[in-house]
Amino acid sequence: MASRDEKASRKFKCSDRERAIFEAGIKMGTVYHQFVGTPFNSTNVKVLEEAIERSIAVQPFVESVAVKIAAGKDTRIDTYDYHSLRGEMIDAVVKIKVNDTTVTAEMRYDPELRYPLMYVSEVS
């Protein structure tokens, strides 16, 4: 009887390199689309970074994940002041491994593009 990995692998009509890049794209999309809009302030920013990392880390083929949120100076005045996570605040690096192929994908705000760009930074 075939394992779930074997069954899933049969569906992919591409190389391990292409699959690793595909998987990295899924993880980057999850970081952005699942968490943008999440409320936070200086008291829980580290908890939010860790929550994002842990949610990505349980997905298939993830070797490592690191997330930093650049919220700027906290201007919290009272209990009604907080930030909503925006794409330009997220700095994420995800390393994916499919068999012998490793892909590093990153998400960083690019000031020249004025856009939180997701890209593949390394394939080995």
Side-chain angles (χ1 to χ4, degrees):
M1 180 177 219
S3 71
R4 289 191 332 165
D5 282 342
E6 292 168 330
K7 289 176 183 177
S9 290
R10 283 187 240 150
K11 303 280 186 187
F12 285 84
K13 306 303 181 206
C14 59
S15 67
D16 286 347
R17 181 180 194 274
E18 293 164 330
R19 174 111 187 253
I21 292 168
F22 171 80
E23 293 290 343
I26 290 170
K27 281 47 166 186
M28 287 286 106
T30 300
V31 168
Y32 188 90
H33 293 290
Q34 186 69 35
F35 293 98
V36 165
T38 302
F40 73 96
N41 63 34
S42 61
T43 66
N44 72 340
V45 67
K46 294 294 179 199
V47 173
L48 180 56
E49 289 170 344
E50 187 176 324
I52 295 169
E53 289 172 351
R54 287 181 179 216
S55 71
I56 300 307
V58 299
Q59 295 181 42
F61 307 106
V62 175
E63 286 254 300
S64 64
V65 58
V67 174
K68 294 292 176 210
I69 296 172
K73 185 180 176 189
D74 193 9
T75 57
R76 188 172 167 95
I77 298 168
D78 61 30
T79 58
Y80 298 100
D81 291 320
Y82 64 91
H83 303 283
S84 290
L85 186 61
R86 297 186 316 272
E88 62 267 19
M89 296 174 170
I90 302 169
D91 188 313
V93 179
V94 176
K95 191 172 283 190
I96 304 298
K97 185 166 184 170
V98 175
N99 295 322
D100 293 330
T101 301
T102 302
V103 169
T104 302
E106 301 183 39
M107 183 169 104
R108 301 190 194 290
Y109 181 75
D110 186 308
E112 183 179 6
L113 297 173
R114 295 180 316 201
Y115 188 77
L117 188 65
M118 297 176 208
Y119 55 94
V120 173
S121 59
E122 186 177 342
V123 179
S124 58

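Sequence positions, counted from 1, serve as the residue numbers for this chain. Only a predicted model underlies this, so the values are computations on that prediction, with no experimental measurement involved.
- Minimum interatomic distance between G87 and M107 (heavy atoms only, all atoms of both residues): O-CE, 4.1 Å.
- For residues 104-124, every residue pair satisfying the salt bridge (Lys or Arg N to Asp or Glu O under 4.0 Å) rule, not counting sequence neighbours, is listed here: D91-R108, E106-R108.
- Side-chain heavy atoms closer than 4.5 Å link hydrophobic residues (I, L, V, M, F, W, Y) into clusters, and following such links, even through other members, never connects V120 to Y109.
- Residue pairs meeting the salt bridge (Lys or Arg N to Asp or Glu O under 4.0 Å) criterion with at least one partner in residues 23-39, sequence neighbours excluded, are R19-E23, E23-K27.
- Across all non-hydrogen atoms, the minimal contact from A24 to V103 is CB-CG1, 4.0 Å.
- V36 and V94 fall within a single hydrophobic cluster, where Ile, Leu, Val, Met, Phe, Trp and Tyr are joined by side-chain heavy atoms under 4.5 Å apart, directly or via other members.
- Judged as a side-chain contact (heavy atoms from CB on, under 4.5 Å), and not counting sequence neighbours, the contacts of T102 are K95, K97, S124.
- At a threshold of 4.5 Å between side-chain heavy atoms, the hydrophobic network of Ile, Leu, Val, Met, Phe, Trp and Tyr places V31 and V62 in one connected group.
- Listed by first and then second residue, the ring-ring contact (aromatic ring centres under 6.0 Å, His included) pairs involving residues 29-67 are F40-H83 (not counting sequence neighbours).
- The hydrophobic cluster containing I26 also includes F12, F22, under a criterion of side-chain heavy atoms closer than 4.5 Å among ILVMFWY residues, counted directly or through chains of members.
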Determine all donor-acceptor pairs shorter than 3.5 Å in which one atom belongs to a side chain in residues 1-9; sequence neighbours excluded.
from	atom 1	to	atom 2	distance (Å)
S3	OG	D5	N	3.4
S3	OG	E6	N	3.1
E6	OE1	S3	N	2.8
S9	OG	D5	O	2.9

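- Rounding to the nearest 0.5 angstrom, the gap separating the CE atom in M89 from the OG1 atom in T38 is 11.0 Å.
- Here D16 pairs with V98, N99, T101 under the side-chain contact (heavy atoms from CB on, under 4.5 Å) rule; sequence neighbours left out.
- Y119 belongs to a hydrophobic cluster whose remaining members, ordered by chain and number, are L113, Y115, L117; membership requires side-chain heavy atoms of ILVMFWY residues under 4.5 Å apart, directly or through intermediates.
- Partners of R17 by salt bridge (charged side-chain N to carboxylate O under 4.0 Å, His left out), not counting sequence neighbours: none found.
- Counting side-chain heavy-atom gaps under 4.5 Å among Ile, Leu, Val, Met, Phe, Trp and Tyr, V58 is found in no cluster with other residues.
- Closest heavy-atom contact between I96 and A20: CG2-O, 3.9 Å.
- By the side-chain hydrogen bond (donor to acceptor under 3.5 Å, both in side chains) test, E88 is found to be paired with R86, residues two or more places apart in sequence or in another chain being considered.
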Please tabulate, for side-chain N and O atoms in residues 44-53, each donor-acceptor pair with protein atoms closer than 3.5 Å (sequence neighbours left out).
from	atom 1	to	atom 2	distance (Å)
N44	OD1	N41	N	2.8
E49	OE2	I69	N	2.7
E50	OE2	R54	NE	2.9
E50	OE2	R54	NH2	2.9
E53	OE2	V67	N	2.8

